[in-house]
Engineer: 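A single structure is presented below for examination.
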Number of protein chains: 2
Amino acid sequence: MDQPDRPQPADGPAEGTPLRRRGKALEAAIFEAALDQLTSGGFARMTMEGVAGAAQTGKAALYRRWASKADLVMDALVAAMPPPADFPDLGSAEAELRQVVHGYIEVLNSRIGAAVRTLMGELDHERAELFKGFLHERVIEPTTEGILGILRRGEARGDVRRGAAVPMVADVLPAMLLYRARVCVGMIEEDFCEELLGRVLLPMIRP
Amino acid sequence: MDQPDRPQPADGPAEGTPLRRRGKALEAAIFEAALDQLTSGGFARMTMEGVAGAAQTGKAALYRRWASKADLVMDALVAAMPPPADFPDLGSAEAELRQVVHGYIEVLNSRIGAAVRTLMGELDHERAELFKGFLHERVIEPTTEGILGILRRGEARGDVRRGAAVPMVADVLPAMLLYRARVCVGMIEEDFCEELLGRVLLPMIRP
DNA sequence: CCGATAGTGAACGCAACCGTCTTTTAGGGT
DNA sequence: ACCCTAAAAGACGGTTGCGTTCACTATCGG
C-alpha cells in the first residue's frame with residue numbers, strides 16, 4: 001500500500017536547453033508545472049517545491065510573484081483558461097449539442113481541462129472555497145447558461161420539448177462528462193459523444 | 001488566502017465522559033473520525049494524527065491495527081457501507097426511479113455517503129488507485145446494474161422506450177446526484193428528487 | 001561595456017506529521 | 001481482588017515542505 005505520495009515530476013525542457021528564463025517565459029513554465037502537479041495529485045499534494053522543480057526554477061522565483069500556492073493556482077487557471085465557448089445557432093438543437101459536447105470533450109482532454117476537472121472533484125473540500133467563485137463564474141455557470149440558450153432556442157424552434165429549458169436539464173451534459181471522466185480511465189473518446197447524444201440528450205429533450 | 005490547512009477536529013465525547021474505550025467501541029470512534037477527516041479535507045489532508053486526535057486516542061492504537069492510512073480508510077469504508085440497495089419491481093419505472101433517487105439522496109447525505117463522494121472526486125488522482133476497485137465494485141457498478149435492471153423491466157413492461165436500457169442512460173442518475181452535490185452547498189433536498197425525475201429522467205426514458 | 005535586476009542554488013529554522021517506543025493507567029475477565 | 005493487556009500519553013528521531021535569506025550569476029537594456 002505504499003506508493004509515492006507526490007505528483008510525478010513533469011518533463012522539463014530537454015537537456016542542453018538553456019535553463020534560465022525570465023519574465024513571461026518563466027511564468028509560462030511555472031503555470032504549466034503548476035497545472036500538471038495539480039492534476040496528478042490534487043491541490044493538497046501539490047507543493048511549491050514540486051512546481052519549482054518541475055519548472056526547473058527556484059522557489060524564490062515563485063515567491064517573488066505569488067504569496068501562496070493558491071495564488072499561483074488561481075493565476076495559472078486564469079492564464080490558461082480558453083475564451084468563453086460560443087453557442088451559435090446551427091439550426092437544430094442536435095447540431096448545437098453535438099458541437100458543445102465535442103468542444104467540452106476537447107477541453108476536458110487538455111491540460112487546463114484536466115486541472116479544472118481536478119478542482120471540480122475537490123469542490124466540497126474546505127479549501128475549495130478558494131476556487132469556488134472562479135469555477136462557478138468561469139466554468140459552471142457559463143456552461144449551464146450556454147446550454148440553456150440552446151434549449152430555449154430549441155423550444156422556440158420546436159425541436160426541444162416544452163419545459164426542457166431549465167438548469168436541471170442543462171446540467172446533464174456537464175454532469176455526464178465529469179462522471180465519465182471520473183469513472184473511466186484515460187481520455188474521453190469521440191464515440192462517447194454520439195452515444196451521449198443518441199441515448200441521453202436527444203431522447204431527453206425531444207418534443 | 002491563508003486558511004487552516006487541516007480538516008477540522010470532529011466533536012469527540014463530551015467532557016467528563018470516560019475516554020478509554022477498547023476493541024470495537026474504539027474502532028467505531030476511529031472509523032467515524034477517519035471518515036469525517038476524509039470528507040472535510042480529502043485523502044491527502046487526512047492524517048493519522050488528526051484521526052487519532054478526533055477519536056481522542058493515541059496513534060499507537062491506530063498503528064496496532066492498521067499499517068497505513070489507506071488501510072484504515074478502506075476498513076472504515078467497508079465497515080460503514082450500507083447493504084446493497086434493493087431495486088424492487090414496483091410496477092412502474094417512475095416509482096422505481098423515485099425510490100432509487102430518494103435512497104441515494106439519503107445515502108449521499110450520510111457520513112459514509114459524504115466520504116464516498118469525496119473519494120469519487122479524487123478518483124483520477126494517482127492515489128485513487130487504492131480505492132478504485134472498492135468504489136467500482138461496491139458503488140459504481142451496483143448502481144449502474146441496479147438502474148439497468150429498472151430500465152430493462154420498464155422496456156419489457158412498456159413504460160421505458162426501446163434502447164434506453166444501456167449503461168449510458170443508467171449513469172445519468174448518479175452523475176446528476178454527484179454533480180449536484182459538487183456544485184451546490186449543503187445537503188441535497190428532497191424537492192431535487194422530483195425535479196430530477198420530472199425534468200430529466202422520465203422525459204429521457206419515456207416511450 | 002556596465003548597471004540593474006531577476007533567476008539559481010543552497011541553506012536555514014520551523015512546523016507538521018510519520019512511525020516507533022516506553023511508561024503508566026484503566027477496563028475487562030476470572 | 002487480582003491479573004493481563006490494550007489504551008493513553010508523551011517522547012523521540014526522521015522526513016518533507018514551508019517561507020525566507022543570501023551569494024552568485026545571467027540577462028537585458030541603456
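Bear in mind the structure is a predicted one, so any value in this text is a computation, not a measurement.
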Engineer: Whole angstroms only, please: what is the CG-P distance between Asp71(A) and dC18(D)?
Structural biologist: 14 Å
Engineer: Under 3.5 Å, is there any donor-acceptor pair linking the side chain of Lys59(A) to the base of dG19(D)?
Structural biologist: yes
Engineer: Starting at OH of Tyr63(B) and ending at P of dC18(C), how long is that distance when rounded to a whole Å?
Structural biologist: 5 Å
Engineer: Has Lys59(A) got a side-chain atom pairing as donor or acceptor with Ala52(A)'s backbone, closer than 3.5 angstrom?
Structural biologist: no
Engineer: Note down the inter-axis angle between the two ends of the helix from dC1(C)-dG30(D) to dT30(C)-dA1(D), five pairs each, to the nearest 10°.
Structural biologist: 30°
Engineer: Taking NZ from Lys24(A) and P from dT5(C), how many angstroms apart are they, rounded to a whole number?
Structural biologist: 18 Å
Engineer: Could you check how far CE of Met48(B) sits from C1' of dC21(C), rounded to whole Å?
Structural biologist: 16 Å
Engineer: Could you go through Glu194(B) and Arg98(B), starting from their C-alpha distance and side-chain angles, then the distance that decides it, and tell me whether this counts as salt bridge (Lys or Arg N to Asp or Glu O under 4.0 Å)?
Structural biologist: CA-CA 8 Å; Glu194(B) 287 307 315; Arg98(B) 179 176 285 110; 2.7 Å; yes
Engineer: Show the distances under 3.5 angstrom between N or O atoms of the protein and N or O atoms of nucleotides 3-8 of chain D.
Structural biologist:
unit_1: dA6(D); atom_1: O5'; unit_2: Arg64(B); atom_2: NH2; d: 3.4
unit_1: dA6(D); atom_1: O4'; unit_2: Arg22(B); atom_2: NH2; d: 3.0
unit_1: dA7(D); atom_1: OP1; unit_2: Gly23(B); atom_2: N; d: 3.1
unit_1: dA7(D); atom_1: OP1; unit_2: Arg65(B); atom_2: NH2; d: 2.5
unit_1: dA7(D); atom_1: OP2; unit_2: Arg64(B); atom_2: NH1; d: 2.7
unit_1: dA7(D); atom_1: OP2; unit_2: Arg65(B); atom_2: NH1; d: 3.0
unit_1: dA7(D); atom_1: N3; unit_2: Arg20(B); atom_2: NH1; d: 2.7
unit_1: dA7(D); atom_1: N3; unit_2: Arg20(B); atom_2: NH2; d: 3.2
unit_1: dA8(D); atom_1: OP1; unit_2: Leu19(B); atom_2: O; d: 3.2
unit_1: dA8(D); atom_1: OP2; unit_2: Thr57(B); atom_2: OG1; d: 2.1
unit_1: dA8(D); atom_1: O4'; unit_2: Arg20(B); atom_2: NH2; d: 3.1

Engineer: How close or far is atom C1' of dG10(D) from atom CD of Glu49(B), stated in whole angstroms?
Structural biologist: 12 Å
Engineer: Is Arg206(A) reaching over with its side chain to a backbone N or O of Pro203(A), donor-acceptor style, under 3.5 angstrom?
Structural biologist: yes
Engineer: Does a salt bridge link Glu27(A) with Arg21(A), judged by any charged N lying under 4.0 Å from a carboxylate O?
Structural biologist: no
Engineer: Mind checking whether Tyr104(A) and Phe87(A) have parallel, tilted or perpendicular rings, split at 30° and 60°?
Structural biologist: tilted
Engineer: Atom CH2 of Trp66(B) to atom P of dG19(C): distance rounded to whole Å?
Structural biologist: 14 Å
Engineer: Assign the ring pair Phe43(A) / Phe131(A) to parallel, tilted or perpendicular, where the plane angle (0 to 90°) is split at 30° and 60°.
Structural biologist: perpendicular
Engineer: Does Glu155(A) reach the main-chain N or O of Val160(A) with its side chain, forming a donor-acceptor pair under 3.5 Å?
Structural biologist: no
Engineer: Between atom CG in Leu62(A) and atom P in dT8(C), what is the gap in whole Å?
Structural biologist: 10 Å
Engineer: Once you round it to whole Å, what is the distance between P of dC17(C) and CZ of Phe43(B)?
Structural biologist: 15 Å
Engineer: With distance as the sole test, does Asp171(A) use its side chain to make a donor-acceptor pair with the main-chain N or O of Arg180(B) at under 3.5 Å?
Structural biologist: no
Engineer: Return the CE to CG distance between Met204(B) and Leu196(B), rounded to the nearest 0.5 Å.
Structural biologist: 8.5 Å
